[in-house]
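Within every chain, numbering begins at 1; the chains are lettered A, B, ... in the order of the sequence lines, protein sequences first and strands thereafter.
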Amino acid sequence: MTFTLATWNINSVRLREDLVLHLLQTEAPDVLCLQECKSPLDKIPLEGFSALGYRYMVGRGQKSYNGVAILSKLPIREVAAYDYASLGHARHIAGQLDNGVTIHNFYVPAGGDKPDREVNEKFGQKLDYLTAMRDAFHAEAPETSILVGDLNIAPREDDVWNHKQLLKVVSHTPIEVEHLGETQDAGRWVDVTRADIPEGQLYSWWSYRSPDWDSADKGRRLDHIWATPDIAGAAHSSRILRSARGWEKPSDHAPVFATFDL
DNA sequence: ATGGTGGTTTAACCA
């Protein structure tokens, strides 16, 4: 079978219901993983999604903040929902398709402004969250799995618009990149997007604070698709739908896609 | 060093 998966930080699924519907209609991924739904689960507008064939959802909700959900045309059953670092936040959901593939959907803490856990508690929480992810994947090696989400870290020099200028900016500091690398290694995760598109600048997020986001192009690749080695080779057609950042009342993130032939 | 823009919820928090 072949299926296409997308991941998108939607920044309020209720405010942007129409954008989700538009993406489902025009791109029709089999599975769409959302982050920052900013909604309790029972207030996510499922009717429209269901009418387009997305009859299955697993997720974790929370009022005002965070929130992750997986919308699927294919049957999916919940298999886990972790609260790493015990933050009490809705930042993870995992579901399994009938073909045996497990999909982890993460919203890693953004980490605040200052990259110093001594003066900024949120930065420490981000590092602790990544360490907990690492330890969990080390304890039980994932197989036949895909990990997606807003990981809030742009690891490579060509994942940001200016490597030198961002070395002290949260999302691209060496300690964050190191933590993310350890998490990736612990699960033997393959960065599917970069395996597919190894060269060149690649961004999935552009700040709202830059009105000329398109021409300035000061982006970062914060949104990722990883897979375990047993299925990573089945992935192809990776892409980032940059045009979605230019839609009316957009999310500040663009959707990232990959297709798997299994 | 600062402020720039958004969402949720209505003052303050988060990104």
Between atom NE2 in A:H253 and atom P in B:dG7, what is the gap in whole Å?
13 Å

Strictly distance-based, threshold 3.5 Å: is any side-chain N or O of A:H89 a donor or acceptor partner for the main-chain N or O of A:S86?
no

NZ/NE/NH1/NH2 to OD/OE distance under 4.0 Å, A:D158 and A:R156
yes

Please give, in whole Å, the distance from B:dG7 C1' to A:Q62 CD?
14 Å

Check the surroundings of atom CD in A:E143: do more than 12 heavy atoms from other residues, nucleotides or ligands lie under 6.0 Å from it?
no

Distance between C1' atoms of B:dA15 and B:dG4 (Å, rounded):
14 Å

Rounded to the nearest angstrom, tell me the gap between atom CD in A:Q125 and atom P in B:dC14.
9 Å

How would you label the contact of A:R16 with the nucleic acid (heavy atoms, under 4.0 Å): base, sugar-phosphate, or nothing?
sugar-phosphate

Taking the six-membered ring for Trp and the full ring for Phe, Tyr or His, determine whether the centres of A:H22 and A:W247 are under 6.0 Å apart.
yes

What stem regions, each of at least 3 consecutive Watson-Crick or G-U pairs below 3.5 Å, can be found for DNA chain B?
B:5-8 with B:12-15

Got a salt bridge between A:D113 and A:K122, using NZ or NE/NH1/NH2 to carboxylate O under 4.0 Å?
no

Indicate whether the side chain of A:S204 and that of A:R221 have a donor and an acceptor atom separated by less than 3.5 Å.
no

Assert: residue with more 5' nearest nucleotide on DNA chain B, out of A:S64 and A:R91, is A:S64

Taking B:dT5, B:dC13, B:dA15 as options, the one with an atom nearest any side-chain atom of A:Y65 is B:dC13

Using whole Å, what does the distance between atom C1' of nucleotide B:dA15 and atom CG of A:D223 come to?
13 Å

Nearest-nucleotide wise, let me know which of A:P109 and A:S210 is further upstream toward the 5' end of DNA chain B.
A:S210

Of the options B:dA15, B:dT5, B:dT8, whose atoms approach the side-chain atoms of A:Y208 most closely?
B:dT5

Here the distance between atom P of B:dT5 and atom CH2 of A:W205, to the nearest Å, is 14 Å

In whole Å, I'd like the distance from the CG atom of A:N9 to the P atom of B:dG7.
12 Å

Using the C1' atom as the reference point in each nucleotide, state the distance between B:dT10 and B:dC14 in Å, no decimals.
15 Å

Calculate the interatomic distance between A:E36 atom CD and B:dT8 atom P; express it in whole Å.
10 Å

Centres of the A:Y208 and A:W213 rings: under 6.0 Å?
no

Would one find a side-chain N or O of A:K122 under 4.0 angstrom from OP1 or OP2 of B:dC14?
yes

Are A:K38 and B:dG6 close enough that a side-chain N or O sits under 4.0 Å from OP1 or OP2?
no

Starting at atom CG of A:N152, determine the distance to atom C1' of B:dA15, rounded to an integer number of angstrom.
8 Å

